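All chains are named by letter (A, B, ...) in the order of the sequence lines, taking the proteins before the strands, and each is independently numbered beginning at 1. These numbers were taken from a predicted model, which means no experiment stands behind them.
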Protein chains: 2
Amino acid sequence: MNETVVRKVPRRADAQHNYEVILVATRAAVAEHGGDIVLEDIARNAGVGIGTLYRHFPTRLELLEAAYLDEALELRKRADDLTTALAPLDALIAWLRLQMVFGAHGRSMGAAIMNAKHTEGTEIQIACVNMREAGAVLLRRAQDAGEVRSDVEIVDLLRLMHGIVIANEQAPDQSRVTPMFDVVIAGIRT
Amino acid sequence: MNETVVRKVPRRADAQHNYEVILVATRAAVAEHGGDIVLEDIARNAGVGIGTLYRHFPTRLELLEAAYLDEALELRKRADDLTTALAPLDALIAWLRLQMVFGAHGRSMGAAIMNAKHTEGTEIQIACVNMREAGAVLLRRAQDAGEVRSDVEIVDLLRLMHGIVIANEQAPDQSRVTPMFDVVIAGIRT
DNA sequence: ATACTATACGGAGGTTGCCTCCGGTTGCAA
DNA sequence: TTGCAACCGGAGGCAACCTCCGTATAGTAT
């Protein structure tokens, strides 16, 4: 994981290990049950006490944030890659579709976290800002190419993707996701 | 309220009264705290026991559904009114905007319920179907006038409105709602 | 090796909200 | 007035959350 980060007081080996084990268990739980995970189950699956879980992640949100850090990093990287791989509009579209895929996979909690504003300076907050920034570059590129309306902002698009995911979440039928996505894409073109 | 409906076995007077009082308390609570209401609080505010609440509304969902019945009826009526009052595209746009207003007011639970599929034959289910139907008429009218793409369905639009509302829900800044709405509208035009 | 201590562990238990169940109450028809 | 079906209310069992503190141990200093 990406917890090789420098810390003022380095963690003890056992603490570091537990931290990672908890994260693994969390990701597994989220992939299976979505955002409404039971913290005690996660602790048990990770083989640690509930107290240990709460010490590392005082808040449910902090736990989920940590679990999604990788996704934020990944999405940022994908944006960078797409910038050089595809034409402006195609790159933007591809990245937005990725946002939906990642969001849907994490049962929308991911999307919710990606769009949320976090306490300044957090690792995840920085990762999210970077991700948004990379997306903004894609957007601006398409706008400069004259293919996307200039009054659209990156947050609009992220929230729309997020909205599509959660609006379709409890629907057994996912077949309308693509049409909805197409509507949004058509709506941002010049 | 609209509980003057015929019942095979008419309710006793006290039961009918409690039913209505509970609904009033529920609407107040939802307007204030959104979907995450505390059922015991509602019962207390309504001046009834928790058991009484559960007898009338065995499920949290059923309670919320009942509380939103009025909105569904209202939205259906508005659709009918708009059909005769405005030009096809304008009418559709106005109605979609209403969907957002209603949804945002009810803290998005409303939108969630409106879009949800319910157990067949429920009063709210019928009301929702009627509302969707009325919206579909507006949409078809705009499509027949050649102003809206023919591959768009009414559920797409309802879900997109719903998505916009909840995606912006926790954002302190609601200023991006209109731009997002505009993107969608631009996206459905021919 | 040994001792020392800051760091970390774990789970018992208090709290809150959900929901069920049933003894007691009451509207209403006869 | 009486009888009873319909209804009321809240005690209590359960599930999940979160805190607190006595115990254990990794890492360091000697």
Once each nucleotide of nucleotides 16-21 of chain D is scored for protein heavy atoms under 4.0 Å, what B/S/- sequence comes out, 5' to 3'?
SBBB--
Rounded off to whole Å, could you give me the CZ-to-C1' distance for the A:Phe57 and C:dA8 pair?
14 Å
Option passing side-chain contact (heavy atoms from CB on, under 4.5 Å) with A:Met131 (candidates A:Leu158, A:Ile126, A:Ile154)
A:Leu158
Does the distance from a Lys or Arg side-chain N to an Asp or Glu carboxylate O, for B:Arg78 and B:Glu74, drop under 4.0 Å?
yes
Is B:Asn18 close enough to D:dC7 that one of its side-chain N or O atoms is under 4.0 Å from OP1 or OP2 there?
no
Determine: side-chain N/O of A:Thr52 to OP1/OP2 of C:dA8, distance under 4.0 Å, yes or no.
no
B:Glu20 CD to D:dC7 P, in whole Å, measures 14 Å
Near A:Arg189 CZ, under 6.0 Å, is it more than 12 heavy atoms from other residues, nucleotides or ligands?
no
Judged by each residue's nearest nucleotide on DNA chain C, which is more toward the 5′ side, B:Arg12 or A:Val48?
A:Val48
A:Arg140 atom CZ, over 12 foreign heavy atoms within 6.0 Å:
no
B:Leu53 has an atom CG; how far is it from atom P of D:dA11, in whole Å?
17 Å
On a heavy-atom basis, the closest approach of B:Ala87 and B:Arg141 is C-NH2, 4.0 Å
Co-membership, hydrophobic cluster, residues B:Val137 and B:Trp95, 4.5 Å side-chain:
no
Integer-rounded Å distance: C:dC9 P and A:Arg44 CZ:
19 Å
For B:Glu62 and C:dC19, what is the distance between atoms CD and P respectively, to the nearest whole Å?
11 Å
Nearest-Å distance, CG (B:Asp14) to C1' (D:dA5)?
12 Å
Could you tell me how far apart B:Arg11 (CZ) and D:dC7 (P) are, to the nearest whole angstrom?
8 Å
Whole angstrom is fine here: how far is it from CD1 in A:Ile42 over to P in D:dA15?
18 Å
Near B:Arg176 CZ, under 6.0 Å, is it more than 12 heavy atoms from other residues, nucleotides or ligands?
yes
Looking for any heavy atom pair under 4.0 Å, which part of the strands does A:His56 touch: base, sugar-phosphate only, or nothing?
sugar-phosphate
